[in-house]
Amino acid sequence: MPFDLSRRALFTGAAGATVTGLAAAGLTGCSQPAAQALPDQAFPPGRIDPYLLGPGEGVALLSRNENPYGPAQSALDMIEYAATKGAYYANQEAYMTLAALIAERNGVDPEQVVLTTGSGEVLSAIALLYGPRGPILAPRLFWDTTALYAANLGLAEIERVPLTADMGIDLPAIEARVTADTGLVQLCNPNNPTGLVAEPAEFQAAVRRMAATTTVLVDEAYIELSDDPEANSCVPLIREGHDVIVTRTFSKIYGMAGIRVGYAIASAETAAAIRPVVMSWSPCTSYAAGIGCYDDTDFIDYSRSKIVEGRDMVFATLDTLGLDYLPSQTNFVYFRSGIGANPLQAAMAERQISIRGQYMDYADWSRVSMGRIEDVERFCTSLPQILGA
Ligand SMILES: Cc1ncc(COP(=O)(O)O)c(C=O)c1O
């Protein structure tokens, strides 16, 4: 049982017995917001800004879909242990331990899991692998950073399909464009920046049909935040043998955007094809953190509850102001302020509140992420003031 042995060894090692320096600095724990400055004495005088990492002093960081309630204490303990082993490249056993945990929960084999430095890396590898085979077919609005990465290298072309009138993914229109020459269909569910989750039965039926002709990639970065992650996920389609790849991340519900752990689940053959295209090796701290918190349901529940609390506050503010918004099932809300995304972003920035600016030609739509509750409160108070409401 190498899996059990390695887990026990990790948990009874240095990590188990100590209180971390970070905890002492007030940076840890699910009830303790992580985004605070380190005490001055932690830095050589004048050398490093105490706000070197995380939000700057006084800034409400609501633009990057991070989860400030992470990392979980269970992850931090493992990071401290892993840092003491930082002289060494991460062992294959650490990779396999985390892959086995993910595989077990998803009902697949560990060789069907590809671990990377955030899901961005595996998504980039997938774009590099499939882009040269034909166009990447996607909704007009999706998290396109990694498809653009391949496109900017001349290795992919993105074919964007307009959204439905209510900003959903137009599945019939995408399906109608799938041919044997399509390199990849890329869908993001829940979608970013809309925050919308597709209706599960309809979505999965369309993915099944499209996967009979080409590979379908479903980016599930925010799936754990949706109301019913099990029902919404396309992982069962992989188990059924369809040509589907699902990617997920520890950056969102697990609050580890800066630690960099993500993964893809696919058939063993597809995973074996993706692995050599992955550009780097994850830090030992990433694998360790993932192992530490993957099953931390207390933290996950806490994280979700804080995100939903913030989201409800934003919904209530938008309702009061009579503004349109999409019913997000994520840690961000896409809404129309009536003054344009870029002017609103600038007005918020004057108040040290960071939100997203305009996407493509969606000039009216703004995206605000759920941060610490006090930061969401600042947004909710500032919005009517800026709009003169
Ligand atoms: C939909 C989606 N997928 C993937 C990512 C990449 O995240 P990471 O590389 O941190 O896993 C993001 C980042 O915001 C995202 O919004």
Side-chain angles (χ1 to χ4, degrees), residues 34 53-54 61-68 70-71 75 98 102 113-128 136 138-150 158 160 163 167-169 184-198 203 216-226 229 232-234 245-265 274 278-283 285-287 289-290 293-294 303 307 326 328-334 354-357 359-360 365 367-371:
L53 297 168
L61 186 53
L62 306 175
S63 52
R64 305 193 307 206
N65 296 351
E66 294 143 327
N67 167 13
L98 182 53
I102 293 166
V113 178
V114 181
L115 295 178
T116 51
T117 48
S119 61
E121 188 181 33
V122 77
L123 284 161
S124 295
I126 293 164
L128 291 181
I136 297 178
R140 182 145 191 272
L141 210 43
F142 73 115
W143 194 72
D144 56 9
T145 306
T146 55
L148 283 172
Y149 165 68
I158 308 175
R160 295 178 189 263
L163 301 178
M167 304 286 277
I169 298 173
L184 184 75
V185 173
Q186 180 162 351
L187 305 170
C188 185
N189 191 40
N191 201 5
N192 180 7
T194 65
L196 296 174
V197 180
F203 188 77
V216 182
L217 164 62
V218 187
D219 176 350
E220 295 188 350
Y222 301 95
I223 199 88
E224 298 95 339
L225 287 163
S226 70
N232 291 323
S233 176
C234 277
I245 307 170
V246 166
T247 57
R248 302 232 186 102
T249 182
F250 283 77
S251 297
K252 309 303 176 184
I253 189 86
Y254 289 98
M256 300 207 306
I259 308 294
R260 313 303 299 139
V261 203
Y263 57 96
I265 302 177
I274 295 169
V278 170
M279 277 70 70
S280 67
W281 298 271
S282 295
T285 42
S286 309
Y287 296 137
C293 69
Y294 188 62
S303 239
I307 289 163
L326 301 179
S328 168
Q329 289 189 30
T330 61
N331 60 343
F332 51 89
V333 177
Y334 208 40
S354 169
I355 65 165
R356 264 301 302 243
Y359 280 89
M360 299 174 79
W365 289 88
R367 194 194 71 185
V368 61
S369 311
M370 299 314 105

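Order of listing sets the numbers, starting from 1, for every ligand and every atom in it. Note that these values count all heavy atoms, side chains included, but never hydrogens, waters or copies made by symmetry.
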Tell me, do [X] and [Y] make a side-chain contact under 4.5 Å, heavy atoms counted?
| X | Y | answer |
| --- | --- | --- |
| Phe203 | Val218 | yes |
| Met370 | Pro68 | no |
| Ile158 | Phe142 | yes |
| Arg248 | Glu224 | yes |
| Leu217 | Leu123 | yes |

Counting from 1, what ligand 1 atoms have a heavy atom of [X] closer than 4.0 Å?
| X | answer |
| --- | --- |
| Leu123 | 4 (C) |
| Ser251 | 8 (P), 10 (O), 11 (O) |
| Gly118 | 9 (O), 11 (O) |
| Cys188 | 1 (C) |

Query raised in the report: Hey, is Thr145 one of the residues with a heavy atom under 4.0 angstrom from ligand 1?
Result: no
Query raised in the report: Does an N or O from Gly120, backbone or side chain, lie closer than 3.5 Å to an N or O of ligand 1?
Result: yes
Requested in this report: State whether the shortest distance between N or O atoms of Thr249 and N or O atoms of ligand 1 falls below 3.5 angstrom.
Outcome: yes
Please state which protein non-hydrogen atom is closest to [atom] and give its distance, to 0.1 Å?
| atom | answer |
| --- | --- |
| atom 3 (N) of ligand 1 | Asp219 OD2, 2.7 Å |
| atom 14 (O) of ligand 1 | Lys252 NZ, 2.9 Å |
| atom 12 (C) of ligand 1 | Trp143 CE2, 3.5 Å |

Query raised in the report: Is the closest side-chain donor-acceptor distance between Asn65 and Arg356 under 3.5 Å?
Result: no
Query - Exam field: side chain Ser119 to backbone Thr249, donor-acceptor pair closer than 3.5 Å - result: no
Query raised in the report: Are any side-chain N or O atoms of Glu220 and backbone N or O atoms of Cys234, one a donor and one an acceptor, separated by less than 3.5 Å?
Result: yes
Region of [X] that comes within reach of ligand 1 [heavy atoms, distance under 4.0 Å]:
| X | value |
| --- | --- |
| Asn65 | neither |
| Thr247 | neither |
| Tyr222 | side chain |
| Ser119 | both |

Query - Option set Arg260, Arg248, Arg64, Glu121, criterion heavy-atom distance to atom 9 (O) of ligand 1, minimum - result: Arg260
Query - Non-hydrogen atoms of Pro139 and Leu163 that approach each other most closely - result: CB-CD2, 3.9 Å
Query raised in the report: Roughly how far, to the nearest 0.5 Å, is the OG1 atom of Thr194 from the OH atom of Tyr359?
Result: 10.0 Å
